[in-house]
Amino acid sequence: MKKILKNVRGTKDILPDESYKWQYVEQRIRKIFEVYNYREIRTPIFEETELFARGIGELTDIVSKEMYTFFDKGGTSLTLKPEMTASVMRAYIQYEINKQVPLFKVYYISPMFRQERPQAGRLRQFHQVGAEAIGSQNPEVDAEIIALVLHIIESFNIENYTLKLNTVGCQNCRPAYKEVLKEYLRKFYDLLSEDSKNRLDRNPLRVLDSKDERDKTVIENAPLIYEYLCDDCEVHFNELKKILDTIGIKYELEPHLVRGLDYYTKTAFEVISPELGSQDAIAGGGRYDLLSKELGGPDVPGVGFALGVERMMLILEKNGYKFGEIPKPFVYVAYLGQDSQKFAFNIVFSLRKKMIPCEVELLNRSLKSQMKEADRQGAKFVIIVGEDELKNDKCTVRDMKSGEQFDVKLNQILEFITSKYAQEASTD
RNA sequence: GUGAGUAUAGCUCAACCGGUCAGAGCGCCAGGUUGUGGCCCUGGAGGUUGCGGGUUCGAGUCCCGCUACUCACCCCA
């Protein structure tokens, strides 16, 4: 017996009963991006490993233990993209977009890959929608990005969320703060968790968002970066808050919010939802003014966000959200006998050329089975072509909802259905 | 990578302390309607109880291993 293969761990098949929901969600999201004047960018699903290693940071969890890395036949190390920002920046630098347009506003909807242990809201292949605005250091752009992600979330009637906002400083002020923080943490070294002890020197900021109870008591009184921000960062942060206030966006300051990617500077934010399980971040993002240079590009600032599509879908399913209508044929053409088949197919293909969704019996079943099939598929009308009809040069049209039946001349059937279809479209 | 829980028909789940326990509902197929769906009735197909060992007279049920799934830690979307 042959082995039955299955989808690999942490991946999901999206079958027809689900895929229409995805199409609906993606379509709505694309519309919103258009409204904010962002254009789609599509980059390859894999890149040279070095891009992520340099862009995201060797010490991050993503790079150090979660990447799907492999060698191609030429011996080049490639990696399935674990996030999108590095790829977008790579393209930005590669095509010297800074010389073409002052501000590059793009969005993406794409699968991402991270080799983590799957759990609720966490997959190895998952989908993110996101946007990047490269070329401006103005806090207005940070605000636009935040407004955009919240607009998307709210457009799906998700009200129960919290925007957490923080600043992580920049190359001028962060180092000094790091030293102060390290010094503070060393005083309580013995009280810290093992993980935090290890991080203390390598990445002290990460200790701040530890959820370990032992760490929490220490963190509670730790010095905050707010007191150590340089003028530039402080002004930027204050401006951003002011703009958010002005456009009515509510946020919670979360001084311990530290994002897991090294390239963030200044603004960092996260949108969390209590509807999700332990993986409660539906979206996250921030500013990355050092990334371009880190990748050998020009000194260009950027800001962006990413939203987890599966996580948002979890909330929507939980809320009983209506994902539009599942596509259904308008007409099902049933027939009986060889002679009728020609007419049936003729009608179906003519209707299809008129872009009317329809189906025809393809399994040569009994009329009863065909009616059942039409019902199952949700067809509004069934056209029946049989011996009796052909003799009289007509066909029978059954309205599946009312049960009414009409005799229609064969040469008038297209017209008949077309007008029914037009009526249907106008009442929607 | 660590921990816990789960694994019976396509789906959702039953089967008391191991002893007609391999079942139900839904779905699927057929018939009741010589050419007509939905409701109803009748019947049918479909399972080596995740895989491999062990204990026992006897294992879906107990033990061990493996695998997968789920949730949590870690981290993040």
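These numbers were taken from a predicted model, which means no experiment stands behind them.
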Give me the one residue out of A:E132, A:E34, A:R30 that meets side chain to side chain donor-acceptor pair (under 3.5 Å) with A:Y107.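 Among A:E132, A:E34, A:R30, the one that satisfies the side chain to side chain donor-acceptor pair (under 3.5 Å) with A:Y107 is A:R30.
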Kindly state each residue pair satisfying ring pair (Phe, Tyr, Trp, His ring centres under 6.0 Å) with at least one member in residues 137-159 of chain A, sequence neighbours excluded.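 For residues 137-159 of chain A, and leaving out neighbouring residues, the ring pair (Phe, Tyr, Trp, His ring centres under 6.0 Å) pairs sorted by first residue read A:Y36-A:H151, A:F156-A:Y321.
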For [N] versus [M], give the span between their [atom1] atoms, rounded off to a whole number of Å.
N     : M     : atom1 : value
B:G27 : B:C66 : P     : 41 Å
B:C11 : B:C28 : P     : 15 Å
B:G53 : B:A59 : P     : 14 Å
B:A15 : B:A22 : P     : 15 Å
B:A7  : B:A14 : C1'   : 15 Å
B:G60 : B:A45 : P     : 23 Å
B:U61 : B:U20 : P     : 14 Å
B:U12 : B:G52 : P     : 23 Å

Go through [options] for me and flag the one nearest to the [X] side chain.
X      : options             : value
A:P118 : B:C73, B:G35, B:U70 : B:U70
A:D375 : B:G1, B:C74, B:G38  : B:G38
A:R114 : B:U70, B:A77, B:U36 : B:A77
A:M400 : B:C74, B:G37, B:U70 : B:G37
A:I384 : B:C29, B:G35, B:U70 : B:G35
A:M371 : B:C29, B:U36, B:A77 : B:U36

Watson-Crick/G-U partner (both atom distances under 3.5 Å) of [N]:
N     : result
B:A9  : none
B:G43 : B:C29
B:C21 : none
B:C74 : none

Could you point out which residue of A:L229, A:N138, A:D142, A:D289 forms a side chain to side chain contact (heavy atoms under 4.5 Å, CB included) with A:H236?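 It is A:D142, the one option of A:L229, A:N138, A:D142, A:D289 that forms the side chain to side chain contact (heavy atoms under 4.5 Å, CB included) with A:H236.
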Any donor-acceptor N/O pair under 3.5 Å between [N] base and [X] side chain:
X      : N     : answer
A:R117 : B:C74 : no
A:E389 : B:G35 : yes
A:R122 : B:C71 : no
A:Q279 : B:C75 : yes
A:R398 : B:G37 : yes
A:Q405 : B:U36 : yes

Heavy atoms under 4.0 Å, any strand shown: does A:G403 hit a base, just sugar-phosphate, or nothing?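 It contacts base atoms.
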Between [N] and [X], is there an OP1 or OP2 to side-chain N/O distance shorter than 4.0 Å?
X      : N     : result
A:K368 : B:G37 : yes
A:T396 : B:U36 : no
A:K12  : B:C69 : no
A:Q119 : B:U70 : no
A:R9   : B:U67 : no

Would you say the side chains of A:N7 and A:R9 form a donor-acceptor pair under 3.5 Å?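 No, no side-chain donor-acceptor contact under 3.5 Å.
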Determine the interplanar angle of the A:F113 and A:Y68 rings, folded into 0 to 90°, and report it as parallel if under 30°, tilted if 30 to 60°, perpendicular if over 60°.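 It falls in the perpendicular class, over 60°.
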Please work out whether the ring planes of A:F416 and A:F381 are parallel, tilted or perpendicular, with thresholds of 30° and 60°.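 Rings of A:F416 and A:F381: perpendicular, as their planes differ by over 60°.
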RNA chain B: 5'-proximal contact among A:S366 and A:E66 (nearest heavy atom):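 Result of the comparison: A:S366.
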Here's a test of your reading of the structure: between A:G121 and A:R376, which maps to the more 5' nucleotide of RNA chain B?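 Taking each residue's closest nucleotide, the earlier one in sequence belongs to A:R376.
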Under 3.5 Å donor-acceptor, A:N166 side chain and A:L257 backbone: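 Yes; at least one donor-acceptor contact below 3.5 Å.
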